[in-house]
Amino acid sequence: MSDYDALIIGAGHNGLTCAAYLAMYGMRVKVVERRKVVGGAAVTEEFHPGFRNSVAAYTVSLLNPKVIADLDLHRHGLQIVERRAQNFLPAPDGSYLLTGEGRTHQSIAKLSERDTMRFDAFNRELETIADVLRKFVLRAPPDVVEGFGRRTISEAFNALGSANILRGLSLESQRMLLDLFTRSAGDMLDDRFESDLVKALFGFDAIVGNYASPYAAGSAYVMLHHAFGEVNGRKGLWGHAIGGMGAITQAMAAAARNHGAEIETDAGVHEVIVEGDRVIGARLDNGETVKAAYVASSVNPKLLYTRLISPDALPKPFLERIGHWRNGSGTFRMNVALSALPSFTALPGEGDHLTAGIILAPSLGYMDRAWLDARQHGWSREPVVELLIPSTLDDSLAPKGMHVASLFCQHVAPTLPDGRSWDDHRDEVADLMIATVDRYAPGFAASVMGRQVLSPLDLEREFGLLGGDIFHGALSLNQLFSARPMLGHGGYRGPLKGLYHCGSGAHPGGGVTGAPGHNAAHVILKDHRGIFA
Ligand SMILES: Cc1cc2nc3c(=O)[nH]c(=O)nc-3n(C[C@H](O)[C@H](O)[C@H](O)COP(=O)(O)OP(=O)(O)OC[C@H]3O[C@@H](n4cnc5c(N)ncnc54)[C@H](O)[C@@H]3O)c2cc1C
């Protein structure tokens, strides 16, 4: 006899989403979370007395509108606001690019008249394919089933439905889709644009969480992955959750509890319990056992299968393959408490550009060099930094007149070469990141009153993000769609009966989307009662 219908491992935003849907449909649900707070990588904390900020994820766009509506997140306190400008890219020569409604064209025209027209054309191409991706986000991808039976037929129908979505695209758009899934962002951008800053604007999205050159094959997909979101119905924009990203997961937890789910924090899973070929529950770090008919895991798949399940319980080929699951984002995350707003040499003083994602990486060549340097040295000595100052949009985060900034830094090695440890280099690299901002905005370093620093190793220890991987596994073609986390298990069902994947290691991957949690819940509901909700 099970204690619950469903046990969810991990109270990140996907675990919470999955729990809320299952509870909404009447299942008895328990969520267990290793940390002392819910939210996983989408949390807000006070990191310096009087200063709060999102700790890991820091900006919102990908959160699915259906999830927001179904879970009634606005009623549970979620408020998302738009940035007043989208992106600001200053260059060392004093030029800059500033994008956002009513200003993008004018700003690009100062850099390259020709790129103005090409910008619109590329955005239209990207938007057409992003629209296709949106149709796939809340669908379980067709699963590969061995042999012939009822599931083979239902997956064949699923594959037909997917093919039908693609058939709706013109031939030219299908070619673009192929390019975006296989080519490098760098090559695609060089084909179209001449301004370094315009290329860098798109190129940055191709290396966020992707430890690779923007000229690496497959980086164009990562760029696309960052384009399928929206803010309050406005496609492609990025915004801010008032109160930080923790406001999203607090609202999700409230929704889940409201539907009857139980959530226990400080309750890490020590081991998933397997009987024969079926999962029947989990043993917690505190020795307690929780039994459930369905167990859905929202942790990184490699963590689940190599640390939480006995190897004897798993098919050998499965275990061997998941052992090769590619993790490692190459990101370094900081929060800083500021006594004053930064003033950029390229655009001095206050203004809407300080509400934007401020990208300090002025060309694709700079990003490429940053990656090469990180490969050799462990981090790039001229790093890629995105700076966001959420307190320009949300005065609940810092004392009056003061500010908080997120620094999201790309191209540090997930594991340092020559056996060195991040524990010995964390502060040195944090100083480098601050000095990098100071080069573009002199006086920034002096305004830093306090800081929170997370190396890839810290991200792994704190959040269970193996190799610091922000997506729970690289977004490479062999780890996407029906192959996420593995061909044959792309439909949210694991290799043991009763075991499901509901986190970012399942389709459609990382980002604060709610999509894997939503999709996994619907597969569980279908298996439980034949419900299509
Ligand atoms: C530094 C950083 C910046 C990012 N920036 C953005 C951004 O700005 N916007 C965006 O959309 N996305 C961003 N992302 C990506 C996004 O945050 C993640 O992809 C997403 O939050 C993952 O959600 P999840 O629910 O799938 O997993 P997680 O949030 O990782 O949740 C998994 C949960 O499982 C728990 N857990 C682990 N082991 C156990 C165990 N043994 N027992 C019980 N619980 C366990 C963890 O503590 C965690 O709470 C960022 C990520 C990082 C790390």
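Order of listing sets the numbers, starting from 1, for every ligand and every atom in it.
- With 3.5 Å as the limit, one finds a donor-acceptor pair spanning the side chains of Asp70 and Tyr21.
- Close to ligand 1: Val299, with a non-hydrogen atom less than 4.0 angstrom away.
- The atoms of ligand 1 that sit less than 4.0 Å from any heavy atom of Ser298 are 27 (O), 32 (C).
- Proximity to Arg35 (heavy-atom distance under 4.0 Å) selects the following atoms of ligand 1: 47 (O).
- For the residue pair Ser455 and Asp458, a side-chain donor N or O sits within less than 3.5 Å of a side-chain acceptor on the partner.
- Heavy-atom proximity to Gly268, at under 4.0 Å, picks out these atoms of ligand 1: 42 (N), 43 (C).
- Remark: ligand 1 atoms within the under-4.0 Å shell around heavy atoms of Gly503 are 26 (O).
- Residue-level proximity to ligand 1 for Leu308 is carried by the side chain, the only part with a heavy atom below 4.0 angstrom.
- What sits closest to atom 49 (O) of ligand 1 on the protein, heavy atoms only, is Glu33 OE1, 2.6 Å.
- At least one heavy atom of Gly511 lies less than 4.0 angstrom from ligand 1.
- Between Val299 and the options Ile9, Leu465, Val269, a side chain to side chain contact (heavy atoms under 4.5 Å, CB included) holds for only Ile9.
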Between Arg283 and Glu288, does the salt bridge (charged side-chain N to carboxylate O under 4.0 Å, His left out) criterion hold? Intermediate values first, please. CA-CA 6 Å; Arg283 203 169 355 268; Glu288 198 189 311; over 6 Å; no
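- Of the N and O atoms on the side chains of His403 and Ser391, at least one donor lies less than 3.5 Å from an acceptor on the other residue.
- Of the protein's non-hydrogen atoms, Val512 N, 2.8 Å is the one closest to atom 11 (O) of ligand 1.
- A donor-acceptor contact under 3.5 angstrom links the side chains of Ser406 and Asn53, judged on distance only.
- Applying the 4.0 Å criterion to heavy atoms of Gly510 picks out, from ligand 1, the atoms 19 (O).
- When each atom of ligand 1 is checked for a heavy atom of Leu465 under 4.0 Å away, the hits are 30 (O), 53 (C).
- The closest side-chain donor-acceptor pair between Tyr211 and Gln410, if any, does not fall under 3.5 angstrom.
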